[in-house]
Amino acid sequence: MAEQEDEREFDLRWADQAEHREPSARARMLAARWKANPPGPVPFRPDPGPAAPRRSSWVSTVLVLGCVAAVIVLLGYVQTRSPY
C-alpha cells in the first residue's frame with residue numbers, strides 16, 4: 001500500500017501547474033544565437049514587388065472562348081474519324 005502512495009501520475013494538469021518552465025531547445029538555440037548576433041528590424045509587411053500589367057477583360061474572354069471552341073472542334077474531328 002505504501003508503494004501506491006509514492007507513485008505519482010504525471011499529466012498535463014500537473015505540468016501546467018509547475019512553477020518553472022524550461023524553454024524549448026529551439027528557444028535556447030535562438031537566445032544563444034541572438035545574444036552574439038541580434039536580428040535586425042523586420043517590417044510588418046514587405047514592400048510589394050513590381051506588378052505585372054493586367055490583361056483587359058475582353059482579351060481574357062476571347063482567350064477562354066477560343067480554347068472552348070478549339071476543344072469542341074477537336075472532339076468533333078475525333079468523333080468523325082472514329083469508325084463507330
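Along the sequence shown, residues are numbered consecutively beginning with 1.
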**Message:** Clusters formed by hydrophobic residues whose side-chain heavy atoms approach within less than 4.5 Å: which one holds L75, and what are its other members?
**Reply:** V71
Residues 30-40, side-chain donor-acceptor partners within the protein, below 3.5 Å, at least two apart:
none

**Prompt:** To the nearest 0.5 Å, what is the distance between CG (L65) and OG (S60)?
**Reply:** 10.5 Å
**Request:** Calculate, to the nearest 0.5 Å, the distance between atoms CG and CH2 belonging to L63 and W58 respectively.
**Result:** 11.0 Å
**Asked** salt bridge (Lys or Arg N to Asp or Glu O under 4.0 Å): which pairs involve residues 23-32, sequence neighbours left out?
**Response** E22-R28
**Asked** Taking only residues two or more places apart in sequence, or in another chain, which ones meet R81 in a side-chain hydrogen bond (donor to acceptor under 3.5 Å, both in side chains)?
**Response** none
**Message:** Using the side chain to side chain contact (heavy atoms under 4.5 Å, CB included) criterion, which residues pair with V73? Sequence neighbours excluded.
**Reply:** none
**Request:** List in chain and number order the residues that pass side chain to side chain contact (heavy atoms under 4.5 Å, CB included) with S57, two or more places apart in sequence or in another chain; answer none if no residue qualifies.
**Result:** none
